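Below is one structure, written out as structure tokens, with a few remarks after it.
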Amino acid sequence: MKQGIYTISENTRLAEGIYRMVLSGDSSACTAPGQFINIKLDGFYLRRPISVCDWDESSITIIYKVLGRGTEMMTSLPLGTELDVLTGLGNGYDLSKSGDKPLLIGGGVGIPPLYNACRQLIAQGKKPTVILGFNSSADMFYVDEFAALGADVLISSADGSVGVKGFVTDVMKDLDYTYFYTCGPTAMLKAIDAIAKTSGELSFEERMGCGFGACMGCSCKTKYGNKRICKDGPVLVREEIVW
């Protein structure tokens with residue numbers, strides 16, 4: 001974990017209630033896809049945990065959804081605003097387990113942490129397939145960005161307005177893959193676990209107090225005892241999860 005001051009260099013609306021923010025500053029604590037950052041906002045006691053979408057030598061990209069007053073405030077922050085941010089938080093995906101044909105499955109705001117994973121896997125010569133799940137075509141974002149990396153992108157939508165009508169599991173059930181990585185709502189993760197053909201890693205979304213394991217507020221049960229989603233997760237291996 002590293003604390004620093006970051007400058008907003010982009011804050012762009014991607015879809016209804018979905019925004020991309022680029023924070024210029026030290027990204028050295030970002031070491032694995034699936035990690036998150038924790039942002040301090042003026043007037044709010046708790047920091048806001050947001051998954052990292054991507055990073056380079058001098059910036060961190062996040063994609064956030066407006067869910068309350070804090071994230072609503074973030075949408076109005078102008079370029080040049082400086083933010084106090086904790087970086088390098090959480091346990092990310094282990095890409096060494098991927099095999100040659102990994103499957104990446106993202107639902108809604110669970111999509112962003114899979115982007116860097118996809119980019120790294122393709123750089124390693126792997127051939128990932130990506131399933132992106134949305135409620136409707138109006139909610140779509142980052143489809144073109146994943147395709148531009150060279151991934152095979154498949155889409156599902158609950159209302160059938162784009163891609164396969166249904167859920168990510170309706171697309172997943174007929175695919176051949178060597179390992180899977182996923183992030184999204186708990187109901188989606190549980191449904192994926194029920195039909196998955198291989199081992200994989202699931203990233204959980206939980207309310208967090210401190211974000212680095214001190215408050216124990218986001219503990220969950222696993223086959224190996226209680227784990228903290230913010231510190232021991234948010235990524236857990238399929239075989240250790242207790243639903």
Side-chain angles (χ1 to χ4, degrees), residues 31-36 51-54 63 90-135 139-143 145-158 162-206 220-224 227 229 232-243:
T31 58
Q35 291 180 306
F36 65 97
S51 296
V52 173
C53 174
D54 201 11
I63 295 176
N91 174 47
Y93 294 114
D94 184 352
L95 301 186
S96 69
K97 299 179 179 179
S98 71
D100 291 332
K101 296 187 295 182
L103 177 62
L104 282 62
I105 315 152
V109 77
I111 290 170
L114 298 172
Y115 179 78
N116 181 270
C118 184
R119 184 164 68 82
Q120 289 198 44
L121 288 167
I122 289 176
Q124 294 170 11
K126 308 299 174 61
K127 298 181 179 180
T129 296
V130 179
I131 305 175
L132 304 179
F134 305 97
N135 286 323
D139 301 318
M140 287 176 54
F141 68 94
Y142 255 54
V143 174
E145 284 81 354
F146 275 95
L149 292 177
D152 183 12
V153 182
L154 306 173
I155 301 171
S156 70
S157 59
V162 63
V164 173
K165 182 177 182 179
F167 304 105
V168 293
T169 46
D170 294 309
V171 181
M172 175 185 177
K173 63 184 180 181
D174 297 322
L175 297 180
D176 179 35
Y177 50 93
T178 53
Y179 197 78
F180 72 88
Y181 303 94
T182 184
C183 182
T186 300
M188 185 195 90
L189 301 183
K190 187 174 182 180
I192 288 172
D193 178 70
I195 68 166
K197 303 172 185 177
T198 70
S199 181
E201 297 175 15
L202 302 87
S203 181
F204 286 80
E205 301 170 351
E206 287 287 344
C220 68
K221 292 182 179 179
T222 76
K223 294 178 182 177
Y224 309 111
K227 288 194 173 184
I229 292 298
D232 307 306
V235 176
L236 299 176
V237 178
R238 181 189 186 191
E239 288 77 13
E240 68 180 306
I241 297 168
V242 175
W243 295 105

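All values below were derived from every heavy atom in this structure, side-chain atoms included, with hydrogens, water molecules and symmetry-related copies excluded. Keep in mind it's a predicted model, so treat the numbers as computed, not measured.
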side-chain contact (heavy atoms from CB on, under 4.5 Å) between L104 and L121: does it pass, once the steps are laid out? CA-CA 10 Å; L104 282 62; L121 288 167; 3.8 Å; yes
Could you walk me through whether L202 and I241 pass the side-chain contact (heavy atoms from CB on, under 4.5 Å) check? CA-CA 9 Å; L202 302 87; I241 297 168; 3.4 Å; yes
Verdict with reasoning, V235 to Y181, per side-chain contact (heavy atoms from CB on, under 4.5 Å): CA-CA 9 Å; V235 176; Y181 303 94; over 6 Å; no
I192 vs F180, side-chain contact (heavy atoms from CB on, under 4.5 Å): CA-CA, chis, key distance, verdict: CA-CA 10 Å; I192 288 172; F180 72 88; 4.0 Å; yes
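Separating the OH atom in Y179 from the CG atom in D100 is a distance of 15.0 Å, to the nearest 0.5 Å. Here the straight-line distance linking atom CG of L132 with atom OG of S156 works out to 8.5 Å at 0.5 Å rounding. Distance CD1/I195 to OG1/T169: 5.0 Å, rounded to 0.5 Å. Residue I131 holds its CD1 atom at 9.5 Å from CG of D152, rounded to the nearest 0.5 Å. Once rounded to the nearest 0.5 Å, the distance linking SG of C183 with CE of M188 reads 7.0 Å.
Minimum heavy-atom separation, C118 to P128: SG-CG, 4.1 Å. Taking both residues in full, the closest heavy atoms of Y93 and P113 are given as CE1-O, 4.2 Å, listed atom of the first, atom of the second, then distance.
The side-chain heavy atoms of T178 and T198, taken from C-beta on, include no pair separated by under 4.5 Å. Using a 4.5 Å heavy-atom threshold, the side chains of V143 and I155 count as touching. Side-chain atoms of T129 and Y177, non-hydrogen and from C-beta on, never get closer than 4.5 Å to each other. Side-chain contact between S199 and K97: absent, with no pair of heavy atoms (C-beta onward) separated by less than 4.5 Å.
For S51 (side chain) and P112 (main-chain N/O), no donor-acceptor pair under 3.5 Å exists by modelled atom type. With Q35 contributing its side chain and T31 its backbone, the two residues share a donor-acceptor pair below 3.5 Å. In this structure, R238 contributes its side chain and A196 its backbone to a donor-acceptor pair below 3.5 Å.
Counted within 6.0 Å of NZ on K126, heavy atoms from surrounding residues, nucleotides or ligands total more than 12; the atom is thus considered enclosed. Within 6.0 Å of the NZ atom in K197, the count of heavy atoms belonging to other residues, nucleotides or ligands exceeds 12.
Between Y115 and F146, the ring planes lie perpendicular to each other; the angle is over 60°, past the 30° to 60° tilted range.
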